[in-house]
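All chains are named by letter (A, B, ...) in the order of the sequence lines, taking the proteins before the strands, and each is independently numbered beginning at 1.
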Amino acid sequence: MKRLFKARPVVPGEAAGEAIVSKLPLSFKNNINTGTGEITDKNHDLYGQCITGRALVIPRGTGSCTGTGTILEMVRQNTAPAAIICTQAEPVTAIGSVIAKALYGRGIPLYTLCTEDFESIMPGEMISVKEDGTVAVGQD
Amino acid sequence: MFFTKREEDMLFGRLGKGTQMAMDILFEMGKIYGAKRFIPITCAHIGGCCYSEALDAGLEFAEKLASLGAKVAVPSTLNITARDIENWEKLRIPPKFAEKSRRLEVAYTSLGCTPTWSCTPCQCGNAPHFGEDVVWSEASSVNFVNSVFGARTNRYPEIADICCAVCGIVPESGLHLKENRRGRILFNLQGFDSSYFLDSSDYAVLGYVVGKLANDKIPVINGLPKKTNHDNLKAFAGASSASGREAMFHIVGVTPEARTEEEAFQGRKPEKTIEITEDIFAKTKTEMSSATGSHVDLVLVGCPHASFSELLEVRRLLDGKKVKPYVRFWVQTGGAVKLMASRTGLLTELLSRGVTIVSDTCVNTFPVDAWGFHTIITNSGRMAHFAPDRTGAGIFFANLEACVNAAVTGEVRI
C-alpha cells in the first residue's frame, strides 16, 4: 500500500526511484565508482550495488570533507542516485548536492525523515519525492 | 535568515557573477547548517585544490568560478595539490593526471589564493589569533587550528570553503559558537611515567585512540605534560581527525580553551569519562601496524607536512649514515619549509643522504601504482590510518628513530 510521509526537504527537487536501503551510514569519498555508480566499500552491506537512478535510503552520509567532489562528479557523469533519503542531513552530502545544482543545474534531492518513517522503507519499494517535502513510498 | 546590505549585493550579483555564484551556494549552505546569519571571516584554508579529490567536476567548478571573475575576499592558503609541482615526473605521476592537477592549481591561484600547497598552513604564515572566525578545510588542519590556536571553524566540505573565502563570510553555526566548543568526553591518562610523550609518535598513538573513542564529540585530555610543541600537537590532531571525526580537542593546561578542566567543559560535567592506561596505549600502537615481517619499501615521514624542526631531526638521526639504495625515504613537506631547507643547505644534505623531499603533496593523493610499494613504515598516525586503503600497502607504525633506522638498514625492527 502507498504511504505518504512528510519529510524535510534539505535539497528540494522532484524525483522518483526504486529504494536501495541500508541501516549503515555511507562514506562517498573513495567508496563509490563515480563512473558506474557502484559501491566499492567492501565493509558496507551495499557493496557491489549500483545507486545510479535509485532512491538511496541511508541514515546519513559520513567521512571526509572531500566527499563533495565525489557527489559532484557522480552528477557530472550521470551516475548519481535519483534522491537521497536519510534521518540526518550531514553537510558534505547536502552541500555536494547544492553545488551540483549551481554548476550543472541538477542536484540530488535530499530529504530527511523521522526514524520511524525511515525504518519502514523496504528495499525495492518505489519512492517519489516532491518539493513540498512529500515522500511517497510503495505502489497504489 | 538575516542579510546585510553587502550580502544582499552579492546575492543579487551587484558584486559580480562569480561572487553571486558563491553566495547562492552559501545561502543554501546557511539553511543546511540552520544558521540565522552570516559572520565575517578573517582568513581561510582551502581544500578543494587537490585533483584526485576534486575530480573533473571540482576542476570544472573552480574554472567556472575563476572565469566568472571571482576573487577571494580574505587571505586564503591552499591545501596540498595532487603532485609535487617541480618533481612530479620523478614521482612517476602520469602526465595526463599531472596536467589536470596543473589546471586545478591555475584555477585556484587565479582566484587569488596563496599557493602554499600544504596541509600545515600554520607553518606557512596562516596562523590566526585566538577567537578569530575562519574557514578551514582538510580535517587535520581544522583540528589543529581550532584546538591549538583557538580560532573558530567547522570541518568545511570542499568547494563550500572557497565560496566562503570569495564572499568573506560563513554561516554562524557549530564551532563558531562558544557553547559548542565545550568538551564532552574526559580522557584521563593513568600510569604514564616520564618516558612517555617525549616523541611525537606517542601523541599520534594517543590521538588515534582518543579519536576512535570520542568520534565527533570534543575530547578533553587530562594528564599530558604541560610542556609540549606544535609538532607533537600536529601529530595528535592528524591522528585523532583520521580515526574519528574530531574537529577540536582540549588538552588541560596546554590548549588555550582548557587552562583548567572546568574551563574545557565550560563548567558542565563530562558526558563520559574514559581512563587511558598503558595497556590501551600499547594495544592501540600494535593495532596501527598492519604489516608483518621486516621488509620495507618506503619510509614515509611528514603527515601532516613536516616542519623545519622535523627536517632537522631527520638530519640528526641520519648523521653519518645513508639510506639503503633499494629503500625509498620520502619526507613530505610544503614549499615554504622546503625553501628554508634549501637556503640553509639542509636540503642538499638530506638529498645526499638518500632522502627524497616530496613537496606540495601527499602519497595518499597521487597514483603510486608505478612504485609497487608493498610495505610502508611511518611515524604518522594519520598515514597509518589512510595509507593501507589509498596505496594498497601494509603499514608499520613506529617513531621517527625507528623509521630512519629502517631506511638505513632496509629492515624494520620495532
Side-chain angles (χ1 to χ4, degrees), chain A residues 8-13 25 27-35 40-44 60-80 84 86 88-112 133, chain B residues 20-34 46-65 79 104 136-142 153-164 171 173-174 215-216 241-242 245 247 364-365 386 389-390:
Chain A
R8 185 167 88 91
V10 183
V11 182
S27 166
F28 289 93
K29 163 80 185 165
N30 287 329
N31 290 323
I32 293 189
N33 179 334
T34 53
T40 55
D41 177 2
K42 287 187 179 143
N43 299 317
H44 203 279
R60 62 188 166 85
T62 181
S64 142
C65 315
T66 58
T68 37
T70 310
I71 305 257
L72 204 54
E73 184 64 14
M74 280 194 291
V75 172
R76 190 183 82 90
Q77 298 200 38
N78 295 313
T79 57
I84 301 174
C86 44
Q88 204 188 333
E90 156 280 334
V92 173
T93 318
I95 289 171
S97 177
V98 162
I99 295 163
K101 216 171 183 173
L103 186 61
Y104 298 117
R106 50 186 200 277
I108 308 170
L110 176 69
Y111 290 78
T112 55
Chain B
Q20 183 179 28
M21 184 182 184
M23 188 63 206
D24 274 344
I25 291 168
L26 287 200
F27 179 39
E28 295 301 324
M29 181 178 163
K31 288 194 273 184
I32 289 164
Y33 281 90
I46 307 297
C49 50
C50 181
Y51 173 67
S52 55
E53 289 169 350
L55 307 174
D56 284 345
L59 174 59
E60 284 176 14
F61 181 88
E63 288 183 339
K64 169 128 193 224
L65 197 60
N79 200 51
L104 193 59
W136 242 237
S137 189
E138 199 283 309
S140 77
S141 65
V142 166
T153 179
N154 290 307
R155 261 172 87 135
Y156 286 108
E158 296 188 345
I159 299 191
D161 53 5
I162 187 68
C163 294
C164 291
S173 75
N215 196 12
D216 58 354
S241 58
R245 289 194 44 76
N364 283 334
T365 62
F386 287 121
D389 261 4
R390 307 266 173 98

For [X], is it the side chain, the backbone, both, or neither that has a heavy atom closer than 4.5 Å to a heavy atom of chain A?
{"X": "B/Tyr156", "answer": "backbone"}
{"X": "B/Ala160", "answer": "both"}
{"X": "B/Ser241", "answer": "neither"}

Show the nearest heavy-atom pair for residues [X] and [Y], with the distance to one decimal.
{"X": "B/Glu158", "Y": "A/Ile99", "value": "O-CD1, 4.1 Å"}
{"X": "A/Gly13", "Y": "A/Tyr111", "value": "O-OH, 2.7 Å"}
{"X": "B/Leu26", "Y": "B/Pro171", "value": "O-CG, 4.5 Å"}

Contact winner vs chain B - A/Val10, A/Thr70, A/Asn30, heavy-atom pairs under 4.5 Å: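 Counting heavy-atom pairs under 4.5 Å, the top option is A/Asn30.
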Report which part of A/Ala89 has an atom under 4.5 Å of a heavy atom belonging to chain B: side chain, backbone, both, or neither. neither
B/Lys64 versus B/Met21: any side-chain heavy-atom pair under 4.5 Å?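 The answer is yes; the side chains approach within 4.5 Å.
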Decide side-chain contact (heavy atoms from CB on, under 4.5 Å) for B/Asp56 and B/Tyr51; before the verdict, give the C-alpha distance in whole Å, the side-chain angles of both, and the deciding distance to 0.1 Å. CA-CA 8 Å; B/Asp56 284 345; B/Tyr51 173 67; 2.6 Å; yes
